[in-house]
Amino acid sequence: MSPHLRAAKVLPVSFFARPVETVAVELLGTVMVSGVRGAVTAGRIVETEAYLGRDDPASHGYQLRRNARNQSLYGPPGTWYVYLSYGMHWCANLVCQVDGIGAAILVRALEPLEGLERMRKRRGGVEDRLLASGPGRLCQALGVTRTLDGSSMPRSGVSVRAGQLRPDERVEVTRRIGISKAAEWPLRFTVAGSEWVSKGR
DNA sequence: GCGCCGATTGGCT
DNA sequence: GCCAATCGGCGCC
C-alpha cells in the first residue's frame, strides 16, 4: 500500500451510524482497499446506491425480511453485507444507519488506484475502464467473495479509508439501476462525469 | 418439491 | 437489443 494511502484513516463505525443517504454521498471519494502487503488492490469509490431496508421494496431488508443470505444486513453499522447476484457475481454493501433497520449501501464502481496488474489479471484482461465499473466487476477486481460477508473494519480483509472529492468534482443523483421496484427513487450517487462510473444499459 | 425472478455481466445479433 | 449463465429465496402446488 502506498504511504499516502496508508496515511488515510480507516473510516470509523460512527461514519456509518448515520442516515443511509448521507453516508452514500460521503462515501464518494473514499478508498476501498483489499488485501495486504504486496497484494493490495484499491480503488476510489465513484458510485454508490442506497437501499433503505425495512421500508424499501427494492431492499433485501424490506419488511425486515430475514434469511440465511442476509443475516449480516442486520448487523451493526460498518458491517459488510456481501451476497451472490444472479448466481455468479458478488456484490458488496456496507450496513449503515442504526442496528436492525436493514439499511445498506451498495458500492457500484471504483476508480482503480493500486494493484492495477492484479486487477487486470483477476478481470481477465478487459480494458481498464471496465475493471471496476459495476458492483460485480469491482468485487472481482478486489477479490471480494462471501468470506468478507459479516466482517467489519478494521479487522476485515477489506476496509474503506478516508478520501475527498476534488474541488472540481460534484455529486450527481439519479434513479437506481437494475431493479424493478422503487427504481425511480433518487438513491444512486455518482461523481459527475467520471469515466469510471458504471454505464447501465 | 418446482418454477420463476433477481441490487449482473459478457457475448452475439 | 437480446439472451444465457447460475444459484438462492420465495410463492405456490
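On a predicted model such as this, the values are computed, not experimentally measured, just so you know. What's counted below: heavy atoms across the whole structure, side chains too, no hydrogens, waters or symmetry copies.
Taking atom P in both C:dC13 and B:dC5, one finds a spacing of 15 Å when rounded to whole Å. Spacing between C:dG8 and B:dG10 at atom C1', rounded to whole Å, works out to 22 Å. Separating the P atom of B:dG1 from that of C:dT6 is a span of 24 Å, rounded to the nearest Å.
In this pair, A:Tyr51 lays its aromatic ring flat on the base of B:dA7, centres within 5.5 Å and planes under 30 degrees apart.
Taking the centre and axis of the six-membered ring of A:Tyr62, the NZ or CZ atom of A:Arg54 falls outside the cone set by 45° and 6.0 Å. For the pair A:Arg18 and A:Phe16, the cation-pi test (distance below 6.0 Å, angle within 45°) is failed.
The nearest whole Å value for the distance from the CG atom in A:Leu187 to the P atom in B:dA7 is 14 Å. B:dT9 atom P lies 7 Å from atom CZ of A:Arg108, rounded to whole Å. Taking atom CG of A:Asn70 as the reference point, atom C1' of C:dC10 lies 13 Å away to the nearest angstrom. Residue A:Glu184 contributes atom CD, which lies 14 Å from atom P of B:dA7 at whole-angstrom precision.
With hydrogens and angles left out, the side chain of A:Tyr86 and the base of B:dA7 share no donor-acceptor pair within 3.5 Å.
Each of A:Lys181 and A:Val126 lies near DNA chain B, and the nucleotide nearest A:Lys181 is the one positioned closer to the 5' end.
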Starting from the C-alpha separation in whole Å, work towards a yes-or-no answer on side chain to side chain contact (heavy atoms under 4.5 Å, CB included) for A:Trp80 and A:Val158.
-> CA-CA 9 Å; A:Trp80 286 107; A:Val158 179; 3.6 Å; yes
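Within residues 130-141 of chain A, the residues approaching DNA chain B are A:Gly134, A:Pro135, A:Gly136, A:Arg137, by heavy-atom distance under 4.0 Å.
Counting non-hydrogen atoms under 4.0 angstrom, A:Arg188 reaches nothing in the nucleic acid. As judged by a 4.0 angstrom heavy-atom cut-off over every strand, A:Arg176 is placed among residues making no nucleic acid contact.
In this structure, A:Tyr51 has its ring center no closer than 6.0 Å to that of A:His60.
Ion pairing of A:Asp56 with A:Arg176 is present here, as a side-chain N (NZ or NE/NH1/NH2) and a carboxylate O approach within less than 4.0 Å.
In this structure, CG in A:Leu110 is found 12.5 Å from CZ in A:Arg137, a value given to the nearest 0.5 Å.
Of the candidate nucleotides C:dG9, B:dA7, C:dC7, C:dC7 has the atom nearest to the side chain of A:Leu84. In the set C:dA5, B:dG10, B:dT9, the nucleotide with an atom closest to the side chain of A:Arg123 is B:dG10.
Between A:Arg69 and the phosphate of C:dC7, there is no side-chain N or O to OP1/OP2 separation shorter than 4.0 Å. Phosphate proximity of C:dG9 to A:Arg66: absent, as no side-chain N or O sits under 4.0 Å from OP1 or OP2.
Judged by distance alone, with hydrogens and angles left aside, the side-chain atoms of A:Arg44 form no donor-acceptor pair with the main-chain N or O of A:Leu113 at under 3.5 Å.
Summarising the base pairing, C:dT6 is matched to no nucleotide, lacking a Watson-Crick or G-U wobble pair whose two defining distances lie under 3.5 Å.
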